[in-house]
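A note on names: the letters A, B, ... follow the listed sequences, proteins ahead of strands, and every chain is numbered from 1. Please read all numbers here as calculations on a predicted model, not as lab measurements.
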Amino acid sequence: MPATRSQRAEAALAAIAEEAAKSEDDVSSDEEEESQGFVFAGKVYAKYEDMVDAKRERNRQMLEKSGLLEASAALRDDLEAEKSTKRATQRGIRSGKRKASKPLPRRKSSRIAGEESAGIYIENESGGRFTFAGAASSVRSASLPEDDVESERFFNDRINDGSDLTVKEAVEGLDAKWVKEGTVTAAKKFMGEVLPSLVNAVSEVTVKRSPTAKSPTSVASVSMASLSEQVGSLSVEDENCVSKVVPDRIYSIACHPSSSSLIVCAGDKQGHVGLWNVDSRGEDEHNDTDGVHLFKPHSRVVTHLEWNRCGNSLISASYDGSVRLFDLESQKFQEIFATYDDSSEFKTKLGYGVDNGYRYWTQYFCLDHRSADGKCLFLSTSEGTAMHVDLRSKGQLTFHQKLSEKKINSLSLHSDGNILASAGLDGAVKLWDIRKFKSSKHASKFATGCKPIATQQSGGKSINSAFFSASGKSIVSTTQNNYLDLTDDMHKQSGNVKATKKVRHDNHTGRWLSTFMAQWHPTLSNEDLFVVGCMRRPRTMELYNGQGSLLRGIHGEQLTAVCSRCCFHPSEGRLILVGGNSSGRVTVAR
DNA sequence: CTATCGGTTAGAGGT
DNA sequence: ACCTCTCCACCGATAG
């Protein structure tokens, strides 16, 4: 008895192929005996219909004997059983549906009315997209309602010209359906009072250790026994562990370092950043969002979110080319860096001339942990370049270097502070010695010609991410080749490096889900752990150790969707995992 | 070599 | 229960 569905199905197909091969000669006998009747499988039939019936009966028997019917029924039953009809939680931000007070005027066809169009016509229509052609000015005025024509547009459709954004403005930039009466007040209170009070707690508790410290003597350090206990007890059963934090698909997720309160931040496809105070119960009775506060600091995908080490600033970067820092002290989302093209009006900007316009965007960033305040960062682009932005003193681009011909999906700085790992569409993880990068006088001209210290290929397929573990011992990459590749001590090797361990993992997320990116625990010192989402049903978050063994697949009642982007809370004392899904919901496992 | 197309994929929200 | 929308994700094939 074959063990699996696929084996049963394969056996059935083999049986059919065999039968088909045996009856090859049927065909020739049909043709020869036409005058005396119809021959099939050694028998003569007077009528053609009888022969056909016999043939059909033979085929039916063959199908039944093959077991394909049973296999297909079993498969169907399994799929039905796996499908959960459970509706996602409605906790979190809720869209306030405004009942249309008066129905909108019915649209009339100007073509039928015989009206002349203002020189505009649809040039191309494919895949649901329309390209208009005609006089540019008339297109603009005709396609926009009149009162919108006035609204100013900014470079790359960013939300403003780069000036600071107050909490109030960041809330008011939201679509009206997310804003209710108490929204601004609640957001101001949370950002201005709740968060700062946590940061004071952080600075007392946080072990001030540099990432290079080899053996931290922190009291919060987890003993092996209690870690495995915590791994075993991780759960997603509590109905309060899920909440809608942003309106759209989650691209980035991060936890505030406070160990007293759990604050999770998520960034979505449309440039929203949501902060969720997970355990707030009735924090503000005028706000019904279950502790979620939503902002709009960007206009497009928020690719990555990161808190600085002490938790007083949140840095976010977006496809719109801007990097913003929310500073708890100033209570403003400051634009700390932004790319611009070479129009002279942007000459004074740090990112002047960097943006090539066509198919150019900033893809990913990672903080430079050598500077604790979060004022230095590495930024990668869709063009395969990487730059180092240093915002101390006046601010400068330390380097701007071409690392690849294709988009770079992730950057990771080794704990030694000298080696940078890049990974992306070119299908290779590459390690670079950043001391070799030339500082560039002209930011717009990126340097070329540097060679990586070490590379690792992933079967020609693109790589979603490659990150160094906190200890710096391993690197884990998530590939479109459907593997998690773990490599030990890659930073000590050169040339072509082979993965230490390859873990088979379905990373084929398709176009509607954010890609998976295996993420390391940021602080655990005595063991490396990483978390990654997966496609398995029931929906699961996977927790692996540094050797690539699956410690735990966490699933449960409340985990109803694929968690594309996951991360850990940085606390060493308590293991907490969070995952974000394609509908803006965040799930907490603890 | 570059552009474009179809296929793949999961989930919510509306009717 | 069914239908529609998502559409700078990526792969592989094909056209120019």
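Residues meeting the salt bridge (charged side-chain N to carboxylate O under 4.0 Å, His left out) test with A:Asp157, sequence neighbours left out: A:Arg153. Taking the ring pair (Phe, Tyr, Trp, His ring centres under 6.0 Å) definition, one finds that A:Phe326 meets it with A:Phe333, sequence neighbours left out. For the side chain to side chain contact (heavy atoms under 4.5 Å, CB included) test, residues two or more places apart in sequence or in another chain that qualify with A:Ala338 are A:Arg158, A:Ser322, A:Glu335, A:Tyr340. Residues that satisfy the ring pair (Phe, Tyr, Trp, His ring centres under 6.0 Å) test with A:Trp361, not counting sequence neighbours, are A:Tyr319. For A:Asp485, the salt bridge (charged side-chain N to carboxylate O under 4.0 Å, His left out) test picks out A:Lys502, with sequence neighbours left out. In terms of the ring pair (Phe, Tyr, Trp, His ring centres under 6.0 Å) criterion, A:Phe467 has no residue partners (sequence neighbours excluded). Checked against salt bridge (charged side-chain N to carboxylate O under 4.0 Å, His left out), A:Lys430 has the following partners two or more places apart in sequence or in another chain: A:Asp426. Every residue was checked against the salt bridge (charged side-chain N to carboxylate O under 4.0 Å, His left out) condition with A:Asp238, not counting sequence neighbours, and none meets it. By the side-chain hydrogen bond (donor to acceptor under 3.5 Å, both in side chains) test, A:Ser316 is found to be paired with A:His298, residues two or more places apart in sequence or in another chain being considered.
Distance CG (A:Asp506) to C1' (B:dT8): 11 Å, rounded to an integer number of Å. In this structure, CG of A:Asp157 is placed 14 Å from C1' of C:dC8, rounded to the nearest angstrom. Spacing between atom CD of A:Glu405 and atom C1' of B:dT2 amounts to 14 Å, rounded to whole angstrom units. Atom CG of A:Leu559 is separated from atom C1' of B:dG11 by 13 Å (rounded to the nearest Å). Atom CZ of A:Arg539 and atom P of B:dT9 are 12 Å apart (whole Å). Protein atom CE of A:Met535 is 11 Å distant from nucleotide atom C1' of B:dG11, rounded to whole Å. What separates CG of A:Asp268 from P of C:dT6 is a distance of 15 Å, to the nearest Å. Atom CG of A:Asp248 is separated from atom P of C:dC8 by 13 Å (rounded to the nearest Å).
Using a 4.0 Å heavy-atom distance criterion, A:Arg300 is classed as a base contact.
Between A:Phe446 and A:His400, the ring planes lie perpendicular to each other; the angle is over 60°, past the 30° to 60° tilted range.
Within a heavy-atom distance below 4.0 Å of DNA chain B, no residue of residues 380-388 of chain A is found. Residues of residues 583-590 of chain A having a heavy atom closer than 4.0 Å to DNA chain B, listed by number: A:Ser583, A:Arg585.
Comparing the C1' positions of C:dC8 and B:dA12 gives an interatomic distance of 23 Å, to the nearest angstrom.
Dashed line: the shortest gap from a side-chain N or O of A:Lys244 to OP1 or OP2 of B:dG13 is under 4.0 Å.
The cationic atom of A:Arg504 (NZ for Lys, CZ for Arg) lies less than 6.0 Å from the six-membered ring centre of A:Tyr483 and within 45° of the ring axis.
Aromatic ring centres of A:Phe378 and A:Phe365 lie farther apart than the 6.0 Å criterion allows.
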(request) Report, as a single string ordered 5' to 3', how protein heavy atoms within less than 4.0 Å touch nucleotides 9-16 of chain C: B base, S sugar-phosphate only, - not at all. (result) BSSS----
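Along DNA chain B, the nucleotide closest to A:Gln90 and the one closest to A:Arg359 are compared, and the more 5′ of them pairs with A:Arg359.
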